[in-house]
Amino acid sequence: MSNAPTILYTLTDEAPFLATASLLPIVQAYAATAGIAVDTRDISLAGRILSHFPDFLRDDQKIGDHLAELGQLATTPDANIIKLPNISASVPQLKAAIAELQAQGFALPDYPEEPRGERENEIKARYDRTKGSAVNPVLREGNSDRRAPASVKAYARKHPHKMGAWNPDSRSSVAHMDGGDFYGSEQSAQIAQAGTVSIELVGADGRRNMLKTGVKVKAGELIDAAVMSAKALSAFVDAQIDDARAQGVLFSLHLKATMMKVSDPIMFGLVVRRFYRDTLARHAAALEQAGFDANNGIGDLYARLSSLPADVAAQIEADIVLEYTRRPGVAMVNSDKGITNLHVPSDVIVDASMPAMIRDSGCMWNTDGRLQDTKAVIPDRCYAGIYQAVIDDCKANGAFDPATMGSVPNVGLMAQKAEEYGSHDKTFQIPAAGTVRVIDEAGNVLMEHAVEAGDIWRMCQTKDAPIQDWVKLAVNRARLSHTPAVFWLDSARAHDRNVIAKVERYLKDHDTNGLDIRILAPVEAMKFSLERIRQGLDTISVTGNVLRDYLTDLFPIMELGTSAKMLSVVPLMNGGGLFETGAGGSAPKHVQQFVQEDYLRWDSLGEFLALAASLEHLSEYTGNARAKVLADTLDAANAKFLDNDKSPSRKVGGIDNRGSHFYLAMYWAQALAEQIDDAALKAKFAPLAQALTANEAKIVEELNAVQGKPVDIGGYYHPDLGQVSKAMRPSATFNAALAGLSAD
Ligand SMILES: NC(=O)C1=CN([C@@H]2O[C@H](COP(=O)(O)OP(=O)(O)OC[C@H]3O[C@@H](n4cnc5c(N)ncnc54)[C@H](OP(=O)(O)O)[C@@H]3O)[C@@H](O)[C@H]2O)C=CC1
Ligand SMILES: O=C(O)CCC(=O)C(=O)O
Ligand SMILES: [Mg+2]
């Protein structure tokens with residue numbers, strides 16, 4: 001790459017994809033002035049689906065497997081990838097995307113939910129590769145460094161977002177199991193020498209059923225396994241439903257059905273089956289016939305009613321209404337449309353949903369569209385306790401104050417499918433009682449669990465090199481930021497005990513003189529960090545993969561109002577760079593607003609920060625001095641952008657995503673025209689800076705004039721590129737000015 005510096009910009013889904021249609025032409029035009037190509041790769045859900053079915057498509061419809069290509073590139077020092085959030089699809093989303101593509105003339109097969117025969121099994125396996133968190137584990141060949149840069153933190157202090165007040169008498173709480181969960185059953189082993197392990201289920205009758213063979217392991221690697229008892233989960237859920245009703249609080253469930261794509265939909269399904277148990281039992285035969293799958297949420301039931309005789313469908317609907325009278329109120333995703341917390345597994349995702357609840361005074365929405373105290377059910381104990389610690393702190397001390405609070409950046413272990421990221425192909429719902437064993441090639445039993453039918457058993461892998469890299473990253477971050485760093489590890493967990501031993505060993509490889517580095521159990525680490533945050537002090541959280549996910553939404557949402565404003569860098573272990581934009585998702589409700597009123601609220605600050613880091617990395621890797629000038633001036637532009645508060649406002653009338661891109665382009669051009677490090681660039685950007693500055697009012701008016709009416713983009717999962725581009729670039733004056741930069 002050093003000859004032809006290239007940045008690869010990912011095309012994804014929903015709001016970030018729409019934003020790209022406006023931002024990318026700006027980025028490409030500016031980067032070209034330094035001889036940098038910014039190419040795209042399609043890793044959207046639709047793109048991933050199409051790339052897996054070339055044999056069903058016309059030649060002109062086929063696309064390559066861009067994700068595999070990027071995954072390969074991520075293992076090389078040449079990688080310079082800007083990764084926007086993408087859909088980690090649940091089954092309902094996957095089916096909706098397939099239906100949309102079929103309607104657009106792509107002759108894809110249906111998703112065989114209950115595959116019959118080899119052909120359907122093969123088709124389902126192909127689709128399943130595109131499902132859930134299919135992208136991030138492939139690209140994240142490094143550990144993550146997520147933080148709010150100083151300019152962003154200063155912005156948040158100057159323009160604090162609203163936080164709901166906390167009442168000390170709030171009845172909101174987090175409920176978790178006391179036993180029979182992953183936490184209570186975790187076992188861990190360290191691999192002595194490279195080889196393979198197998199996973200077998202030995203039935204009560206002694207029959208051996210191989211669940212998986214040939215799982216490659218490296219020397220020094222940690223493997224862990226745990227089981228969630230279906231019986232224990234079921235009893236726990238029943239007790240929580242009753243308790244929520246007795247207390248008069250809303251019932252809500254918080255899982256990560258997208259990222260934990262095998263285990264969590266099963267847990268979600270179990271909760272749906274318990275909550276609606278009377279209706280589901282009464283109509284079991286009809287619902288079976290209609291193909292209802294509780295793992296896809298109660299929304300799946302409604303979607304299938306039309307396939308049943310009208311009187312049966314009406315009876316089922318009536319029974320559900322009746323059943324609600326016997327249950328606690330359920331938290332709503334959208335009370336206007338009657339969408340509950342149990343409708344779709346991907347609607348309520350714990351990393352974003354718990355911070356939202358905490359920001360809303362510990363409440364969620366009830367069916368009347370009003371906020372109400374809530375019981376948040378997070379069954380497994382591994383991490384549930386951290387949220388109760390936040391709730392306890394808010395009840396004791398009131399809401400956090402974004403104008404004064406400190407920050408909790410994160411260094412997260414995730415490289416090479418570390419921890420839960422690698423569990424997908426090693427998670428099983430157990431068909432019959434027996435014992436699950438993990439055995440090595442010599443036949444040694446490394447871990448074993450007694451299991452019952454319906455239990456969820458899963459194994460994770462964490463290689464040694466990523467742990468070493470993670471420790472190094474933590475020490476470097478603590479040194480660079482002069483900030484204490486806490487490893488959130490729980491000595492009561494078998495896996496964490498093994499990680500602690502490695503951390504203690506690898507910390508010795510570094511100069512930690514003068515640094516404050518501690519290892520604390522998650523709840524203690526949370527209390528310690530919260531106590532400091534209230535004093536305005538920062539504390540680096542150094543965590544495993546799941547806490548990385550949880551904390552990098554929780555703290556940014558409390559501190560900045562959104563994780564979109566985070567700098568999110570993944571220094572790839574082989575030297576390349578993966579620059580993620582923000583730490584949040586693809587915000588589906590932004591698309592709904594856009595098609596209804598041509599207004600896109602998506603905040604691209606995460607993209608701006610990622611681009612600056614990517615240009616900086618490119619300049620260091622290739623020695624391209626102009627890339628450095630572009631990076632420095634973009635930094636300056638970002639600071640000005642924040643200072644002048646040019647992020648999109650929430651409602652029609654203000655500037656939206658497109659307006660904010662214009663301001664970034666203007667500030668960036670002005671900084672380039674003002675700098676003195678590169679005279680040619682200065683001369684090139686002077687006329688553009690002048691044109692944008694002179695036409696500011698006109699451009700903003702052209703951009704804002706389109707707002708307020710519906711806009712058609714030709715699809716949700718696979719919108720029409722031409723229509724999107726037209727909608728996202730409505731200012732002729734701005735477009736002409738940019739074209740001028742590329743022309744000369
Ligand atoms: N890295 C990735 O690829 C990730 C992908 N996802 C995927 O994203 C989808 C949605 O997930 P969900 O958990 O709802 O999380 P989101 O982060 O998409 O949404 C949660 C809320 O965060 C706020 N928000 C997030 N990003 C922005 C932004 N750039 N501009 C303005 N507001 C923003 C909005 O809150 P408010 O309205 O309160 O301002 C939004 O409603 C799922 O398909 C999920 O799988 C999720 C996380 C990461
Ligand atoms: O991989 C995913 O599905 C989501 C990842 C995520 O939420 C994150 O990285 O913060
Ligand atoms: Mg997340």
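Both counts, for ligands and for their atoms, begin at 1 and track the order of listing.
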- In ligand 1, the atoms that come under 4.0 Å of a heavy atom of Lys83 are 1 (N), 2 (C), 3 (O)
- Minimum-distance N/O/S atom that Asp549 presents toward the Mg ion (ligand 3): OD1
Under 4.0 angstrom from ligand 2, any heavy atom of [X]?
{"X": "Arg548", "result": "yes"}
{"X": "Met260", "result": "no"}
{"X": "Lys83", "result": "no"}

- Message: Less than 6.0 angstrom separating the ring centers of Phe608 and Phe641, yes or no?
- Response: yes
Run the numbers for me: atoms of ligand 2, each under 4.0 Å from some heavy atom of [X], listed by number.
{"X": "Lys256", "value": "4 (C), 6 (C), 7 (O)"}
{"X": "Asp351", "value": "7 (O)"}
{"X": "Arg146", "value": "8 (C), 9 (O), 10 (O)"}
{"X": "Ser88", "value": "2 (C), 3 (O)"}

- Message: I'd like to check whether Thr552 has a polar contact with ligand 2, where a contact means an N/O of the residue lying under 3.5 Å from an N/O of the ligand.
- Response: no
- Does Trp166 use its side chain to pair, donor to acceptor, with the backbone of Asp360 at less than 3.5 Å? no
- Task: Kindly indicate, with the supporting measurements, whether the criterion salt bridge (charged side-chain N to carboxylate O under 4.0 Å, His left out) is fulfilled by Glu420 and Lys256.
- Result: CA-CA 11 Å; Glu420 291 85 344; Lys256 184 91 186 182; over 6 Å; no
- Query: Are Ser649 and Asp656 linked by a side-chain donor-acceptor pair shorter than 3.5 Å?
  - Reply: no
Could you tell me whether some N/O pair between [X] and ligand 1 is separated by less than 3.5 angstrom?
{"X": "Arg359", "answer": "no"}
{"X": "Ile349", "answer": "no"}
{"X": "Ser586", "answer": "yes"}

- Location of contacts on Pro137 toward ligand 2, heavy atoms closer than 4.0 Å: neither
- Query: What do we get for Arg140 next to ligand 2 when only non-hydrogen atoms under 4.0 Å count, side chain, backbone, both or neither?
  - Reply: side chain
- Message: Test of understanding: given a 4.0 Å heavy-atom threshold, classify the contact between Met259 and ligand 1 as side chain, backbone, both, or neither.
- Response: neither
- Relative to ligand 1, is Thr12 under 4.0 angstrom through side chain, backbone, both or neither, heavy atoms considered? neither
- Measure from the Mg ion (ligand 3) to each N, O or S atom of Asp351 and report whether any distance is below 2.8 Å. yes
- Nearest neighbour in protein (non-hydrogen) for atom 47 (C) of ligand 1: Gly585 CA, 3.3 Å
- Which heavy atom of the protein is the closest neighbour of atom 32 (N) of ligand 1, given with residue, atom name and distance? His590 CE1, 3.3 Å
